[in-house]
Enquirer: 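Can you read through this structure? Questions will come right after.
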Amino acid sequence: MAHRPIITLTTDFGSNDHFVGAMKGVILDIVPEAQIIDICHAVQPFDVLDGALTISQAYSYFPNRTVHVIVIDPGVGTARRPILASSDKYHFVAPDNGVLSLVYAREDRMHVRHITSEHYFLQPVSNTFHGRDIFAPVAAYLAKEVDSLKFGEEVEDYVKFTAPKPKMAEANRLRGVVLKVDRFGNLVTNITPQDAPALFANAAKGFKIMVGSREITEIRNAYAEGSPGEVFALLGSMGYLEIAANRAAAAQLTGAGKGTEVSVILGQGTAAGKGA
Amino acid sequence: MAHRPIITLTTDFGSNDHFVGAMKGVILDIVPEAQIIDICHAVQPFDVLDGALTISQAYSYFPNRTVHVIVIDPGVGTARRPILASSDKYHFVAPDNGVLSLVYAREDRMHVRHITSEHYFLQPVSNTFHGRDIFAPVAAYLAKEVDSLKFGEEVEDYVKFTAPKPKMAEANRLRGVVLKVDRFGNLVTNITPQDAPALFANAAKGFKIMVGSREITEIRNAYAEGSPGEVFALLGSMGYLEIAANRAAAAQLTGAGKGTEVSVILGQGTAAGKGA
Amino acid sequence: MAHRPIITLTTDFGSNDHFVGAMKGVILDIVPEAQIIDICHAVQPFDVLDGALTISQAYSYFPNRTVHVIVIDPGVGTARRPILASSDKYHFVAPDNGVLSLVYAREDRMHVRHITSEHYFLQPVSNTFHGRDIFAPVAAYLAKEVDSLKFGEEVEDYVKFTAPKPKMAEANRLRGVVLKVDRFGNLVTNITPQDAPALFANAAKGFKIMVGSREITEIRNAYAEGSPGEVFALLGSMGYLEIAANRAAAAQLTGAGKGTEVSVILGQGTAAGKGA
């Protein structure tokens with residue numbers, strides 16, 4: 001069977017408009033045999049960190065030579081550059097606003113190019129929809145195996161941010177934050193097993209986790225291990241500590257959301273001072 | 001043209017996260033020529049009956065050899081088994097929690113296997129995302145025509161529930177329930193023409209249908225036959241009695257929703273005792 | 001590589017039900033090699049104009065021979081006709097209710113046929129779901145290159161409406177309307193550069209735009225050029241004047257929505273008489 005190139009789409013365009021449909025049309029007009037895969041179109045509007053999280057959790061499962069298109073682009077039409085970032089396995093086409101930061105953090109060798117070859121663009125290029133006019137056609141030509149060298153010069157000063165990391169606030173208190181609330185109301189924090197090895201050790205004891213005024217003293221292995229109404233912690237599939245509940249939304253039960261502080265207090269009894 | 005295997009996805013993962021995208025990546029990495037079809041990702045969270053309804057309404061339209069993946073899986077990470085159910089035409093990959101019950105009810109010969117062949121899984125297998133780590137890769141290998149025998153032993157004690165059936169409450173009163181509210185606000189009940197043949201006979205007369213305190217005395221053939229503001233009954237495309245309105249949401253007009261009782265009273269005048 | 005036919009779907013079916021999945025199954029059972037592309041399933045329920053806008057903004061980007069299926073169909077099951085409209089490049093399969101009006105307005109030579117060849121339908125045909133029973137299979141046979149002549153006789157009296165156009169209310173006052181609010185809260189009006197050339201001229205001066213009681217005196221080239229909290233105007237990628245804000249929802253900031261009047265007052269100082 002002939003090679004069918006794969007192009008994935010991750011955007012904040014939502015599903016109510018023609019935006020994603022127009023991008024798909026542009027791609028297929030250039031490379032009709034492409035397989036277009038929607039990763040997510042519900043990234044929070046304008047939220048570059050949310051987009052960075054989403055693509056970082058999905059891209060690595062795809063086969064070699066997949067072209068990933070990421071359009072969270074509040075700066076469309078300004079001086080922010082369109083870029084093509086290439087690893088050994090993948091191409092990433094995106095605005096240069098940091099939305100690839102978590103990919104850069106995981107990939108050793110990335111070559112990042114400023115896309116300037118306007119003859120690959122859909123003309124006339126609008127000031128407001130580069131997903132359709134620049135990112136989609138560039139991805140399509142990459143899928144057609146146009147050499148990445150042809151899209152523009154390599155740059156070193158591309159935008160890269162560091163995702164918020166948990167910090168030791170006191171000797172035994174690690175302060176993290178809720179990165180996102182998932183579909184099920186689980187609170188995904190920025191705390192990894194590397195940040196708090198003792199917490200994830202077998203039979204961790206004497207810890208507590210504070211989410212707002214809620215105190216959590218149980219770590220479970222699976223969502224269904226929680227008792228009804230209980231809020232507990234768990235190592236989620238994204239690789240982060242999650243605050244969760246069994247068949248219920250921890251976000252609702254705790255009143256917490258994106259940005260809420262989450263503190264892990266290690267090596268301390270939990271008998272006294274239960275949170276309100 | 002070479003055979004392109006088809007894999008469908010039905011989940012409660014919603015569209016806001018990377019979950020579905022990660023599953024698609026895992027599938028395509030194993031079988032890049034697969035055509036992945038989204039049936040629905042908005043099954044109510046944790047709602048196995050809602051998932052059972054959704055797959056039962058869509059699976060049979062697909063061509064022979066389609067692999068259907070269904071992940072409504074509140075018990076992920078516990079002892080609940082991953083299963084592969086095969087009919088003459090299709091494979092179904094799902095957790096063994098009853099989500100295939102309405103498929104079992106329609107298919108005569110199903111062979112159900114407990115999936116145990118871990119070398120087909122994505123390693124390491126998480127405790128919280130078997131859609132990515134077990135169901136997606138197993139579906140991909142099935143699409144590559146790995147024999148179903150290879151995934152595990154056949155079992156007979158798989159979980160099967162009976163969808164709620166309407167009951168004769170009195171001689172002429174059939175009590176049913178709203179199974180779901182669709183996109184347009186139509187109330188889809190569990191009442192079929194077999195349950196109340198007289199109701200669907202030509203020129204049915206002297207019946208009334210009670211939804212909460214709302215009395216319905218008209219059966220229409222099409223949504224657009226309703227008068228403005230009227231709530232009426234109709235045989236919907238799912239094969240069930242629906243309570244509907246013309247260009248309006250019957251759910252809103254009646255205040256009813258999933259789980260609301262719907263009674264059909266047959267062979268009785270409707271002159272007296274109009275509902276409030 | 002062999003030709004893979006492309007079929008696009010634009011509906012008001014939403015994403016919560018099995019409707020779209022069933023249509024895809026019907027298509028693939030007839031033409032398994034088809035590539036099915038979702039343009040949008042979140043057209044406002046029953047809103048033919050919203051559907052007309054959506055397909056008109058996406059269809060022309062697709063390659064030759066694409067079959068576009070549009071199902072916004074409040075009259076399903078009544079005398080409204082199913083039609084096949086063909087241009088030089090595309091086929092459109094839809095109910096004859098005006099949903100193709102904006103396509104007709106852009107395409108010179110359209111041949112419109114009343115689809116009557118029932119042997120291409122999925123039997124039995126329901127009264128409530130022609131997306132599955134008529135439009136999907138007809139699109140699939142078109143994708144298989146069944147000649148459009150075979151689906152029914154050409155008609156001239158197909159339903160066509162004119163999208164609401166802006167009008168000169170007074171010598172210098174153009175009255176338009178908000179056609180839709182997009183994902184980002186931008187207010188997309190029905191005013192084009194042709195309607196108000198002076199407004200889009202370089203260095204347009206002395207104009208103001210009223211949206212409800214909000215007065216707008218700035219035109220920007222890109223969303224990100226707006227100051228925090230500022231509401232401004234911009235020529236959007238749909239070809240219409242948009243009322244927008246930088247990383248914020250103009251709909252929220254102005255309280256305006258679909259149907260709100262938007263007036264452009266040209267050639268007048270803006271110093272006096274600021275709106276309330």
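Chain letters run A, B, ... following the sequence lines, proteins first, then strands; residues in each count from 1. Note that this is a predicted model, so its numbers are computed, not measured.
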Enquirer: What are the two closest non-hydrogen atoms of A:H18 and C:T54, and how far apart are they?
Expert: CB-O, 3.8 Å
Enquirer: Decide, yes or no, whether a salt bridge links A:K24 with C:D38 under the criterion of side-chain N to carboxylate O below 4.0 Å.
Expert: no
Enquirer: Would you say C:Q35 and A:I36 make side-chain contact, with heavy atoms under 4.5 Å?
Expert: no
Enquirer: Please indicate whether A:K89 has more than 12 foreign heavy atoms, meaning atoms of other residues, nucleotides or ligands, lying under 6.0 Å from its NZ.
Expert: yes
Enquirer: At their closest point, which heavy atom of C:A248 faces which heavy atom of A:F46, and how far apart are they?
Expert: N-CE1, 3.7 Å
Enquirer: Does anything in residues 233-242 of chain C get under 4.5 Å of chain A by heavy atoms, and if so which residues?
Expert: C:L234, C:L235, C:G236, C:S237, C:M238
Enquirer: For the residue pair A:F13 and C:F184, categorise the inter-ring angle as parallel (less than 30°), tilted (30 to 60°) or perpendicular (more than 60°).
Expert: perpendicular
Enquirer: For A:D12, is it the side chain, the backbone, both or neither that has a heavy atom under 4.5 Å from a heavy atom of chain C?
Expert: both
Enquirer: With a 4.5 angstrom heavy-atom cut-off, is it the side chain or the backbone of A:H41 that approaches chain C, or both, or neither?
Expert: backbone
Enquirer: In terms of heavy-atom proximity below 4.5 Å to chain C, should A:A34 be classed as side chain, backbone, both, or neither?
Expert: backbone
Enquirer: Is it the side chain or the backbone of A:R80 that comes within 4.5 Å of chain C heavy atoms, both, or neither?
Expert: neither
Enquirer: Which bit of C:Q57 is near chain A, if near means a heavy-atom gap under 4.5 Å: side chain, backbone, both or neither?
Expert: both
Enquirer: Please report the shortest heavy-atom distance between A:R4 and C:R4, naming the atom on each side.
Expert: NH2-NH1, 2.5 Å
Enquirer: At under 4.5 Å between heavy atoms, what parts of residues 221-229 of chain C are in contact with chain A? List them by residue number.
Expert: C:N221, C:A222, C:Y223, C:A224
Enquirer: Checking heavy atoms, do the side chain of A:V20, its backbone, both or neither come under 4.5 Å from chain C?
Expert: neither
Enquirer: Closest approach of A:S15 and C:A42, non-hydrogen atoms and distance?
Expert: O-CB, 3.5 Å
Enquirer: Give, as side chain, backbone, both or neither, the part of A:L122 having an atom under 4.5 angstrom from any heavy atom of chain C.
Expert: side chain
